[in-house]
Each structure stands twice: as structure tokens, then as C-alpha cells.
Amino acid sequence: MVRRIDVTGAGGVRLAAWEFGDPPKTDPTGPDPVVGAGPAVGSGAQDEARGEAADGPADSGAAQAPGVLLLHGLMGRASHWAPTARWLSERRRAVALDQRGHGQSAKPSEAEYTREAYVDDVEAALEQLGLAPAVLIGHAMGALTAWQLAAKRPDLVCGLIICDMRASALGAASQREWENWFKTWPLPFATLADVRKWFGEDDPRVERPNPSRGEFYAEVMHEGPDGWRPVFDLDQMLKSRETWVYDAHWEELAQVRCPALVVRGLDGELGRAESQEMVRVLPNGQYAEVADAGHLVHYDQPDAWRSAIEPFLDGVAPLGSP
């Protein structure tokens with residue numbers, strides 16, 4: 001099950017967080033110990049429900065393990081983490097966040113889409129959810145946000161998993177490639193099957209058929225009067241990306257003090273040499289790789305992804321533990 005929890009990000013931007021797993025148990029004969037717990041809703045993170053943060057997980061095993069906040073990458077959404085979050089919720093509190101401009105979170109045109117805004121949003125979410133100190137699991141841009149917050153607020157983060165995100169600068173050529181790529185999208189799509197086929201087979205960036213990539217992009221489309229379009233604004237995505245694509249981020253990586261795991265897909269965007277250098281720069285870094293996976297590691301090989309991160313998670317203790 002999943003329930004929606006509204007939180008307030010930097011500048012008052014409304015953010016949607018999604019808690020996976022059964023809500024905390026309550027005693028029907030006594031006062032409800034859960035503060036403003038919202039109703040449980042359907043199996044997909046697109047379901048609508050309003051609630052406030054719960055005090056914490058119900059069973060003692062989950063209470064002993066740090067909670068987890070999952071952060072999607074650029075153009076992603078919280079529901080991309082659903083299989084991982086449901087697996088995590090068996091032992092710990094697991095929440096995925098729709099970041100500003102994404103998913104069911106607000107997308108105000110006047111809002112800032114800067115590195116600072118994304119980091120401040122996650123800081124606010126951790127505090128409002130009562131989740132800290134937590135393990136942050138981030139994919140791509142979400143991973144960058146996670147390690148920048150870990151550097152800024154070590155008291156909020158007790159563990160970090162970085163999934164396929166580079167610390168080096170990508171440069172102006174990379175940004176132009178994205179601008180040109182967006183122009184090739186045949187919007188609107190007539191059907192979701194067309195979405196899956198284009199992103200999984202016909203997209204010029206696809207070297208060989210990739211059904212999981214098609215499914216990934218089908219998840220971020222919604223139907224309008226003229227067909228299927230992204231739930232995000234393409235200009236906002238470019239604006240978000242340009243705030244980090246020109247800079248290197250090694251300095252913040254070196255400031256992360258908690259245990260950190262760098263995960264790469266063998267066919268992803270993060271090369272082995274750079275990933276191993278990231279592990280070296282991290283004061284407490286570890287390394288894992290997933291075979292037969294590209295950039296969307298957790299989508300391409302979900303079982304291998306879970307196997308790669310489980311030993312690390314088992315070794316992360318809450319801050320202050322002996």
C-alpha cells in the first residue's frame with residue numbers, strides 16, 4: 001500500500017511524498033498515536049490522498065533500522081521507486097519524494113529550479129516527515145541532491161546510496177544535446193504503447209531495444225485532450241539541469257562523512273574509472289556494480305539492484321549507535 005504525505009519545500013513549494021508499506025498500527029480502544037496519518041491508498045504513486053507524517057513504523061524491527069528517503073532523477077517520479085520502496089518497507093520506513101517540477105509535486109513557473117532549492121526541499125522533507133537521520137538513496141540528479149545534503153547536514157543523513165551519477169562536469173555540449181533531444185520527442189503521443197515503443201526502440205539515443213526504458217517514460221506521461229504528454233515541463237527540466245551540468249561536484253562528495261555506496265550499471269553513464277575515483281574521494285565509500293544494466297539500474301535489473309544495495313543497508317546503523 002502507499003499513502004501520500006504533503007510536505008512544504010523551499011519557498012513554500014508543495015511537494016508530494018509517498019510512504020510505502022502498511023501504515024503504523026493503532027489501538028482501536030485508545031487514542032490514535034499517529035499524528036495526522038492519511039488514509040492508505042492504491043498501489044500506484046499517482047493515487048491521490050492527503051495526510052501528515054506519521055510518527056514512525058509499527059514493528060520493532062523497522063524501528064531499529066534507519067528510515068529511507070528515495071530521490072528520483074531528472075524527469076523521474078517517486079513511483080519509479082515503488083518496487084524498491086516496497087521491498088525496503090518490510091524492514092524500515094520507506095518514503096519516496098516527488099521533487100519540485102516532477103510527479104504530483106507543484107511545478108510553479110516562478111519557482112527556483114536550482115541546486116540549492118532541490119537540496120533545501122529534501123532537507124525540509126526529512127524534517128517534516130520525522131525521518132531523519134535517514135539513508136538517502138538517489139538516482140542520477142537525485143543522487144547529486146542526496147550527497148550535497150549529506151555534506152550540508154550530516155546530522156540528517158546516516159547513509160547514502162549514489163546510483164549512476166557523475167561527479168565531474170558534463171559541460172555545454174551535454175546541455176545542447178539534451179536541448180536537441182527534447183526537440184525530437186514526437187509529442188503528443190497517441191497512446192501509451194507509442195510512448196513505450198518510442199523510448200524503448202525508436203529514440204535515436206537507444207542503441208538496442210530496451211523495454212524497461214519504455215516503461216520508465218510511460219510512467220511519466222499523462223493523458224490530455226490531444227494525447228499523452230510528460231507530467232513535467234521540458235523547459236523546467238532544462239533549467240534544473242543547467243544548474244549542475246557545468247560544474248564538478250567533487251568537493252561536496254569529499255565532505256560526506258556517513259557510509260556511502262556508489263552503484264553503477266555496467267552500461268550506464270557513470271564509467272568505472274570515475275565511479276572508483278568517487279569511492280576513493282568519499283571518506284567512507286564503497287562500490288558496487290550491476291551487470292546488464294544501463295543508466296536506469298533499478299529498472300533494468302531490479303533483483304540485482306536489490307542484491308547490490310542490501311549488504312550496505314544492513315551495515316548502516318542510526319547516528320549515535322554504538
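- Within the structure, salt bridge (Lys or Arg N to Asp or Glu O under 4.0 Å) pairs that include any residue of residues 242-251 do not occur (at least two apart or interchain).
- A side-chain hydrogen bond (donor to acceptor under 3.5 Å, both in side chains) check over residues 291-303, counting only residues at least two apart or in different chains, returns the pairs Asp164-His295, Ser212-Asp300, Asp303-Arg306.
- With rounding to the nearest 0.5 angstrom, the CG atom of Leu238 is 8.0 Å from the CG atom of Leu74.
- Partners of Phe199 according to the ring-ring contact (aromatic ring centres under 6.0 Å, His included) rule, which considers only residues two or more places apart in sequence or in another chain, are Trp185, Phe189, Tyr217.
- The ring-ring contact (aromatic ring centres under 6.0 Å, His included) check on Trp244 picks up nothing, with sequence neighbours excluded.
- Partners of Ala106 under the side-chain contact (heavy atoms from CB on, under 4.5 Å) rule, at least two apart in sequence or in another chain, are Val13, Arg14, Pro108.
- Between Asp233 and Lys239 no salt bridge is recorded (no basic side-chain N to carboxylate O distance below 4.0 Å).
- Counting side-chain heavy-atom gaps under 4.5 Å among Ile, Leu, Val, Met, Phe, Trp and Tyr, Leu266 is found in no cluster with other residues.
- Partners of Arg229 by side-chain hydrogen bond (donor to acceptor under 3.5 Å, both in side chains), not counting sequence neighbours, listed by chain and number: Asp226.
- Taking Glu274 as the reference, Arg166 meet the salt bridge (Lys or Arg N to Asp or Glu O under 4.0 Å) condition, with sequence neighbours excluded.
- Annotation: cation-pi pair Arg205/Trp178 present, NZ/CZ under 6.0 Å from the ring centroid and within 45° of its normal.
- Every salt bridge (Lys or Arg N to Asp or Glu O under 4.0 Å) that Arg280 has, sequence neighbours left out, goes to Glu277.
- Applying the side-chain hydrogen bond (donor to acceptor under 3.5 Å, both in side chains) rule to Gln175 yields the partners Arg241; only residues at least two apart in sequence or on another chain are considered.
- Under the rule for a side-chain hydrogen bond (donor to acceptor under 3.5 Å, both in side chains), Lys107 has no partner lying at least two apart in sequence or in another chain.
- Residues Met141 and Trp81 are members of separate hydrophobic clusters, defined by side-chain heavy-atom contacts under 4.5 angstrom among Ile, Leu, Val, Met, Phe, Trp and Tyr.
- In this structure, the side-chain contact (heavy atoms from CB on, under 4.5 Å) partners of Arg257, at least two apart in sequence or on a different chain, are Pro283.
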